[in-house]
Amino acid sequence: MSENHNSSSDELPSDFIRTIINEDQAAGAYEGRVVTRFPPEPNGYLHIGHAKSICLNFGIGEQYKGARCHMRFDDTNPTREDIEYVESILADVKWLGFDWGDNLFYASDYFEQLYEYAEQLIRDGNAYVDSLTAEEIREFRGTLTEPGRESPDRDRPAEESLDLFRRMRAGEFPDGECVLRARIDMTSPNLNMRDPVLYRIRHAEHHRTGNDWCIYPMYDYAHSLSDSIEGITHSLCTLEFEDHRPLYDWCQEALGIYRSRQIEFARLNLTHTVMSKRRLRQLVEEGHVAGWDDPRMPTLSALRRRGYTPESIRDMCERVGVARRNSMTELALLEHCLREDLNRRAPRRMAVLDPLKVVITNYPEGGSEEFDAINNPEDEAMGTRRVPFAREVYIERDDFMEDPPRRFYRLAPGREVRLRYACLVTCTDVIKDERGDVVEVHCTYDPESRGGNVPDGRRVQGTIHWVSAAHALPMEIRLYDNLFTETDPAGSETDFLDLINRDSLDTVTAMGEPALTKAKAGDRFQFERLGYFCADTDSLPGAPIFNRTTTLRDTWARISQRSP
RNA sequence: UGGGGAUUAGUCUAGUGGUAAGACGCCUGACUCUGGAUCAGGUAUCACAGGUUCGAAUCCUGUAUCCCCAGCCA
């Protein structure tokens, strides 16, 4: 497999995990094989945090000769999972540009084998059926500073546990009646080793196995064994599973089966958003956003809808790197990756978000003409297009100031600017309404400057974008800002819901050049001087609706804020 | 002294005994029919305190701070 992303750098990523793999390869470990896996539970939508794990695991699968990455669903809890999530997860991974080939697996595929392994543990005295209640188990577990106590059932004869376990499977007990526990060490300082539960009873329909089972394996047990069954060499997971590693190892060792190695890395955190499933769910269910794919969400489906490219997300994940320290990546990095990608690829168009009418008084009434505009200055092959021009045009309200401050290069009374690709105009009059607000600006144009060129070589400081009023396409545009103004809403003292940015969505009616009429959902453009925009899935034929993916870097905004 | 982990610029990440590297951000300047892009330059002594050494971000000792763990969730 080859990657076509990040063509600007041929360097393969390197990090402590790849260093470990390199060492393993050099030492001939795992017979030279490298097998990773991406193991989500199908109980929600993937977000950009998952993208880091996907890029890591699949990236390693692509990087090493003969390596592969398995797509595996950790579907061991039927009450929270659904086929809907399986499908969206698969679509998202595919969208990011990764391919699992034939290696699509489900932990539920192994239920029978997992069950047999459990019987083996019981026979070997490594597991027992415990009839303590959930509350009792919790009490017996002890605390962080006090050791736990052994259950009265801990020394139950293997035969008895075996019988009980079979009856658990047969459905003789209601939920919660008993569990299968590993027999490890109730005094371990690591709570995960205090006889962890391996199986619980759940009379629930599973999205794949239906009602075949009423006992379901717990994560630690199922995950360790699934990795072993699939011959996973390097099992990469996030930091919070560090304390689970001894149990992960114990499961494979107690059964004497293939040994995989768990390695933990820090999860991705992004500023100005939340990443936990619980909080994302709350945003959706309480209606703070329109849905999982609301373009303000950090889910992959939302980022896709908003206009982010898979390449930009992969690039960001690569640049963030992989390490063991908790970190918070600035959203600015993702935005940079997006701009870099789209600057190269997105066709340019002109659109005016906040229109102010300009009348060119010396231009013939009723006349019009077309000018050539470059589709992408970064890529000549993208060619040019014709843009209609007439006596009345719209410009951005921000591009005119009656009383401009220093360093304002745009239109002002008496000042000449270039209408991009069209001509030079000079402001001669300002028309205001009774409240004193500017409603229209009058200009004269220099007929010698057709196309925007300056025959006598005189300099104009500003070049602004415009749209012919007579030809303009009115279109809905959704302007997004961060869902949270705080850097780390989840880490704040205040409830994150109280930190939601009330101005995160602003819908405006903009005027676009006619070429935009043909835009289809998913099409991305740079609207010159404004930002990158992507036609939303709500678009109708001939009536596109655009999401602003991100703005362009805006030097003027910084200057004007600094010294007004 | 419950256990486990982490600590390099505003952010992320390299460097594992030889005198701090890259990216984002920010600041300067050049250039420009996008105040975009591009180009050039600037922006830390490595949590702290001792110690070992000719030499320490790297080794040792101690301290501090932060993160994770008491689901029959993953």
Side-chain angles (χ1 to χ4, degrees), chain A residues 14-15 39-41 43 74-77 79-81 130 132-135 137-139 141-148 175-181 188-194 196-202 216 218-220 222-223 237-246 264 266 268 271 277 316 318-337 339-340 343-344 348 350 373-374 377-378 407-410 417-422 424 451-454 460-465 487 526-531 551-560:
Chain A
S14 166
D15 50 65
E41 182 188 16
N43 70 341
D74 239 328
D75 55 349
T76 57
N77 186 350
T79 60
R80 329 197 310 163
E81 299 158 4
D130 196 345
L132 249 32
T133 65
E135 301 77 66
I137 284 181
R138 193 191 328 119
E139 283 165 27
R141 185 158 33 231
T143 68
L144 292 176
T145 52
E146 295 159 18
D175 288 8
E177 181 76 7
C178 48
V179 293
L180 183 72
R181 288 231 257 171
S188 171
N190 182 345
L191 304 236
N192 292 303
M193 298 300 270
R194 319 241 262 228
V197 171
L198 265 25
Y199 270 90
R200 77 288 215 188
I201 300 171
R202 276 261 200 297
Y216 291 92
M218 297 287 288
Y219 163 82
D220 290 291
H223 200 87
C237 62
T238 44
L239 252 27
E240 66 269 26
F241 291 104
E242 239 162 351
D243 290 340
H244 294 241
R245 195 188 332 135
E264 310 84 17
L268 175 74
T271 59
K277 210 162 268 180
M316 184 206 68
E318 212 160 274
R319 291 185 193 224
V320 162
V322 181
R324 287 181 67 84
R325 51 187 291 213
N326 293 308
S327 58
M328 175 77 72
T329 296
E330 288 176 342
L331 187 62
L333 180 61
L334 211 212
E335 291 176 333
H336 168 83
C337 294
R339 291 188 186 113
E340 188 175 83
N343 176 51
R344 231 173 27 236
R348 267 92 250 235
M350 289 200 285
I374 295 168
E378 306 294 318
R407 299 220 266 174
F408 182 82
Y409 300 153
R410 286 109 95 146
V417 299
R418 174 185 293 106
L419 295 182
R420 187 154 161 88
Y421 298 126
L424 266 43
N453 302 307
V454 207
V460 277
Q461 292 228 80
T463 296
I464 63 178
H465 59 96
T487 306
Q526 181 195 102
F527 290 171
E528 296 221 31
R529 302 209 306 132
L530 297 174
T551 59
L552 251 30
R553 283 185 73 228
D554 190 349
T555 306
W556 166 245
R558 283 200 300 263
I559 294 170
S560 60

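Heavy-atom basis, side chains included; hydrogens, waters and symmetry copies ignored. Each chain gets a letter, A, B and so on, in the order its sequence line appears, and its residues count up from 1.
Using a 4.5 Å heavy-atom threshold, the side chains of Tyr409(A) and Val417(A) count as separate. A 4.5 Å side-chain heavy-atom check between Ile201(A) and Val179(A) finds every atom pair outside the cut-off.
Checking the phosphate oxygens (OP1, OP2) of rA74(B), a side-chain nitrogen or oxygen of Thr76(A) falls inside 4.0 Å. Residue His336(A) places at least one side-chain N or O under 4.0 Å from the OP1 or OP2 atom of rC24(B). Of the side-chain N and O atoms in Arg348(A), none sit less than 4.0 angstrom from OP1 or OP2 of rG36(B). Phosphate contact (OP1/OP2 of rC26(B), side-chain N/O of Arg558(A), threshold under 4.0 Å): present. At least one side-chain nitrogen or oxygen of Arg200(A) sits closer than 4.0 Å to the OP1 or OP2 atom of rA74(B).
Residue Phe241(A) is classed as a base contact, given a heavy-atom separation below 4.0 Å to a base. At the heavy-atom level, Arg410(A) lies under 4.0 Å from base atoms of the strands shown. Note on Thr145(A): a base of the nucleic acid sits closer than 4.0 angstrom, heavy atoms only. Contacts of Arg194(A) with the nucleic acid, taken as non-hydrogen atoms under 4.0 Å apart, are absent. Among the heavy atoms of the strands lying under 4.0 Å from Pro377(A) is at least one base atom, whether or not backbone atoms are also near. In this structure, Arg80(A) reaches the bases: a heavy-atom distance under 4.0 Å links it to at least one base atom across the strands shown. When heavy atoms are screened at a 4.0 angstrom cut-off, Arg553(A) is found touching the sugar-phosphate backbone but no base atom. No contact: Leu268(A) has no heavy atom under 4.0 Å from any strand. When heavy atoms are screened at a 4.0 angstrom cut-off, Phe408(A) is found touching base atoms of the nucleic acid. Asn453(A) comes within 4.0 angstrom of a nucleotide base, judged by non-hydrogen atoms across all strands. Using a 4.0 Å heavy-atom distance criterion, Val179(A) is classed as a base contact. Within the nucleic acid shown, Arg141(A) comes within 4.0 Å of sugar-phosphate atoms alone, with no base atom in reach, counting heavy atoms only. As judged by a 4.0 angstrom heavy-atom cut-off over every strand, Ile137(A) is placed among the base-contacting residues. Using a 4.0 Å heavy-atom cutoff across all strands shown, Gln461(A) reaches no nucleic acid atom at all.
When the C1' atom of rA37(B) is taken as reference, atom CD of Glu528(A) falls 11 Å away, rounded to whole Å. If you measure from atom CZ of Arg181(A) to atom P of rA70(B), you get 15 Å, rounded to the nearest angstrom. Across the protein-nucleic acid pair, Leu239(A) atom CG and rC66(B) atom C1' stand 12 Å apart, rounded to whole Å. What separates CD of Gln526(A) from C1' of rG36(B) is a distance of 6 Å, to the nearest Å. Between His244(A) atom NE2 and rG3(B) atom P there is a gap of 18 Å when expressed in whole angstrom units. Atom CG of Leu180(A) and atom P of rG71(B) are 19 Å apart (whole Å). Between the CD atom of Glu240(A) and the P atom of rG71(B) there is a distance of 16 Å, rounded to whole Å. Rounded to whole Å, atom C1' of rA74(B) lies 12 Å from atom CZ of Arg202(A).
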- Message: Please evaluate residues Met218(A) and Leu198(A) with respect to the criterion side-chain contact (heavy atoms from CB on, under 4.5 Å), reporting the C-alpha separation (whole Å), side-chain torsions for both, the decisive distance (0.1 Å), and the verdict.
- Response: CA-CA 5 Å; Met218(A) 297 287 288; Leu198(A) 265 25; 5.6 Å; no
Nucleotide N/O of nucleotides 7-13 of chain B paired with protein N/O under 3.5 Å:
residue : atom : partner   : partner atom : Å
rU8(B)  : OP1  : Arg325(A) : NH2          : 3.0
rU8(B)  : OP2  : Arg325(A) : NE           : 3.0
rU8(B)  : OP2  : Arg325(A) : NH1          : 2.5
rU8(B)  : OP2  : Arg325(A) : NH2          : 2.4
rG10(B) : N2   : Glu330(A) : OE1          : 3.0
rU11(B) : O4'  : Glu330(A) : OE2          : 3.2
rU11(B) : O3'  : Met328(A) : O            : 3.1
rU11(B) : O2'  : Met328(A) : O            : 3.0
rC12(B) : OP1  : Met328(A) : N            : 3.0
rC12(B) : O2'  : Val320(A) : O            : 2.7

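The nucleotide whose nearest atom lies closest to any side-chain atom of Ile559(A) is, among rA70(B), rC73(B), rG35(B), rG35(B). Comparing rA74(B), rG35(B), rC72(B) against the side chain of Val197(A) picks out rC72(B) as the nearest. Of the candidates rC24(B), rG3(B), rA37(B), the closest approach to any side-chain atom of Ala332(A) belongs to rC24(B).
Against the 90° criterion about 0, the sugar-base torsion of rG62(B) places it in the anti range.
Separating the C1' atom of rU38(B) from that of rA6(B) is a span of 40 Å, rounded to the nearest Å. Spacing between rG17(B) and rA70(B) at atom P, rounded to whole Å, works out to 38 Å.
Asp243(A) pairs by the side chain to side chain contact (heavy atoms under 4.5 Å, CB included) definition with Asn190(A), Asn192(A), not counting sequence neighbours. With sequence neighbours excluded, the residues satisfying side-chain hydrogen bond (donor to acceptor under 3.5 Å, both in side chains) with Thr79(A) are Asn77(A). Residues that satisfy the salt bridge (charged side-chain N to carboxylate O under 4.0 Å, His left out) test with Asp74(A), not counting sequence neighbours, are absent from this structure. Qualifying salt bridge (charged side-chain N to carboxylate O under 4.0 Å, His left out) partners for Glu139(A), counting only residues two or more places apart in sequence or in other chains: none. Residues that satisfy the side chain to side chain contact (heavy atoms under 4.5 Å, CB included) test with Ala266(A), not counting sequence neighbours, are Leu239(A). Evaluation of the salt bridge (charged side-chain N to carboxylate O under 4.0 Å, His left out) rule for Arg245(A) yields Glu264(A) as partners, not counting sequence neighbours. Listed by chain and number, the residues in a salt bridge (charged side-chain N to carboxylate O under 4.0 Å, His left out) with Arg138(A) amount to none (sequence neighbours excluded).
Between Arg348(A) and Ile374(A), the shortest heavy-atom contact is CB-O, 4.1 Å.
The side-chain ring of Tyr219(A) is not stacked on the base of rA74(B), judged by centre separation under 5.5 angstrom and plane angle under 30 degrees.
Classified by interplanar angle (parallel below 30°, tilted 30° to 60°, perpendicular above 60°), the ring pair Tyr219(A)/Phe241(A) is tilted.
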- Represent RNA chain B in dot-bracket notation, 5' to 3'. Only Watson-Crick or G-U wobble pairs with both distances under 3.5 Å count; pseudoknot-style crossings use [ ] and interstrand partners use |. .((((((..((((....[..))))((((((.......))))))...(((((..]....))))))))))).....
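Not a single donor-acceptor contact under 3.5 angstrom links the side-chain atoms of Glu378(A) to the base of rU38(B). With hydrogens and angles left out, the side chain of Asp243(A) and the base of rG3(B) share a donor-acceptor pair within 3.5 Å.
For the atom pair CD (Glu146(A)) and CG (Leu144(A)), the distance works out to 9.5 Å, reported to the nearest 0.5 Å.
Residue whose closest nucleotide on RNA chain B sits further toward the 5' end, between Tyr421(A) and Asn192(A): Tyr421(A).
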